[in-house]
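Take a look at the structure below.
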Amino acid sequence: MNEQIDWSSLSFGYRKTDCNVRCTFENGKWGELRVSDSEEVTMHMAATCLHYGQAGFEGMKAFRGKDGKIRVFRMDENAKRLQSTCNGIMMAPLPDGLFEEAVKKAVKLNERWVPPYESGASLYIRPVLFGTGAQVGVHPADKYEFIVFVMPVGPYFKDGFKATPCCILRHYDRAAPYGTGRWKVGGNYAASLVPGTKAHEMGYSAVLYLDARSKKFIDEAGPANFFGIEGNKYVTPDSESILPSITNKSLMQIARDLGMEVEQRPMPEEELSKLDEAAMCGTAAVVAPIYKVDDLDENKTYQILPDTKPGPVCTKLYETLRAIQYGDLEDKHGWVYVFE
Ligand code: PLP
Ligand code: COI
């Protein structure tokens, strides 16, 4: 263990750990996994990731349980989503099993960076895959790098599990219908930087994006999906331009397990006025309740909660998800890989 770290006051950010795991695709095939202690990457100045945005990533977490064992949540789902990102922007997909092998190796080798159970912190795992081969014409690269690095993190939204305000900024879209929103590519996040920064400067924790086609339906937040609670119903947007969140998929199952009805369908913005509770959800965000949404261009406010105290359903969903991830509740859907 690293005595010098105050685990329970960690924020969400980069921190150097002992090593990372890498693999290179060249001459038509992926090579062997390598372990590196470098934080740097050297590549050709005409690499496609730099010019044409051939870069995708994943985000997942490892947790230390009360029993001291390390658990990784749903890495098979992240592996599938990275394949889908690779296919979406014509990067070389990884062979079966290589993603999981690299993640396990990176976690194992950095075991001492997995925060203790009591801290409520976790080890964030960031796999990234990008084109390093040179192209000046707009073509896919013939060379790729896959890297898995890890770091201990605390909550993504700095107040932890508290409700925050979000805003709608109608003059920005993060992804187009039939564009790249359904894949985890770097360019989607580049598109969210200006609106996200504006929102933060105005005191909002995130932008809630509307669908780019009609501006009538809720899509998702910059770094997380969106869901609402209406009575005993969990409602979450269905849209071709949002990232299929593994946290959202898990919460839908947990909601069903708790006897709730689940609806995944287009959600008109006005439905915000009917919600008893609402939240953003994702690996980094976990469940981040929302107390109000301001539609700034329309001068409208949807007040969801009276203050920053999370509602009972979001609290239950949050606690159940965390209990499964830390090994405090039975993993009845087989979501957790336990290091023995
Ligand atoms: N939507 C966006 C745009 C994200 O960046 C993320 C984070 O990964 C999510 C949703 C949540 O996805 P997941 O729950 O798989 O982390
Ligand atoms: C995640 O939740 O893993 C994300 O990727 C969100 C954000 C940090 C980009």
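In each ligand, atom 1 is the first atom listed, and ligand 1 is the first ligand listed.
Side chains of Ser250 and Arg74: a donor on one and an acceptor on the other come within 3.5 Å. A side-chain donor-acceptor contact under 3.5 Å links Thr164 and Ser205. A side-chain donor-acceptor contact under 3.5 Å links Asp328 and Tyr117. At a cut-off of 3.5 Å, with distance as the only test, a side-chain donor of Asp211 or Ser214 sits close to an acceptor on the other residue.
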Exercise. Could you go step by step and tell me if Phe73 and Phe63 meet the ring pair (Phe, Tyr, Trp, His ring centres under 6.0 Å) rule?
Worked result: CA-CA 8 Å; Phe73 190 66; Phe63 305 85; 7.1 Å; no
Exercise. Glu269 and Asp295: side chain to side chain contact (heavy atoms under 4.5 Å, CB included), yes or no, with the steps?
Worked result: CA-CA 9 Å; Glu269 178 191 339; Asp295 184 341; 2.7 Å; yes
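Atom OG1 of residue Thr320 and atom CG of residue Leu251 lie 9.0 Å apart, to the nearest 0.5 angstrom.
Considering both main-chain and side-chain atoms, Ile246 comes within under 3.5 Å of ligand 1 through a nitrogen or oxygen pair. Here's the thing with Thr247: one of its N/O atoms is less than 3.5 angstrom from an N/O atom of ligand 1.
For ligand 1, the atoms closer than 4.0 angstrom to any heavy atom of Arg81 are 12 (O), 13 (P), 15 (O). Listed by number with element, the atoms of ligand 1 under 4.0 Å from a non-hydrogen atom of Arg174 are 3 (C). With ligand atoms numbered from 1 in the order given, ligand 1 contributes 4 (C), 5 (O), 6 (C), 7 (C), 8 (O) to contacts under 4.0 Å with heavy atoms of Lys184. Ligand-side atoms of ligand 1 in range of Gly282: 11 (C), 14 (O), 16 (O), range being under 4.0 angstrom from any heavy atom. For ligand 1 and Tyr189, the ligand atoms under 4.0 Å from any heavy atom of the residue are 2 (C), 3 (C), 4 (C), 5 (O). Residue Gly222 has at least one heavy-atom neighbour below 4.0 Å for each of these atoms of ligand 1: 3 (C). Atoms of ligand 1 lying under 4.0 Å from any heavy atom of Asn225, numbered from 1 in the order shown and given with element: 1 (N), 10 (C).
A side chain to side chain contact (heavy atoms under 4.5 Å, CB included) with Val72 holds for exactly one of Val336, Ile125, Val338; it is Ile125.
The aromatic rings of Tyr124 and Phe12 sit perpendicular, their planes meeting at an angle over 60°, well past the 30° parallel limit.
Thr283 OG1, 2.6 Å is the protein heavy atom nearest to atom 16 (O) of ligand 1. At the top of the distance list for atom 1 (N) of ligand 1, counting protein heavy atoms only, stands Glu220 OE1, 2.6 Å.
By heavy-atom distance, the residue among Pro223, Gly181, Ser245 lying nearest atom 6 (C) of ligand 1 is Pro223.
Listed by chain and residue number, the protein contacts of ligand 2 are Phe12, Phe57, Gly59, Tyr124, Arg126, Tyr156, Lys184, Tyr189, Pro223, Thr283, Ala284 (heavy atom within 4.0 angstrom).
Side-chain N or O atoms of Asn78 include one that pairs as donor or acceptor with a backbone N or O of Gly59 at under 3.5 Å. In terms of modelled atom types and a separation under 3.5 Å, the side chain of Arg81 and the main chain of Glu58 share no donor-acceptor contact. No donor-acceptor distance shorter than 3.5 angstrom exists from the side chain of Tyr204 to the backbone of Val293, with no hydrogens or angles considered.
A search for ring pair (Phe, Tyr, Trp, His ring centres under 6.0 Å) contacts involving Tyr302 returns nothing, not counting sequence neighbours.
Counting heavy atoms closer than 4.0 Å to ligand 1, residue Glu77 contributes nothing at all. The proximity of Met60 to ligand 1, defined as any non-hydrogen pair under 4.0 Å, does not occur for either the backbone or the side chain.
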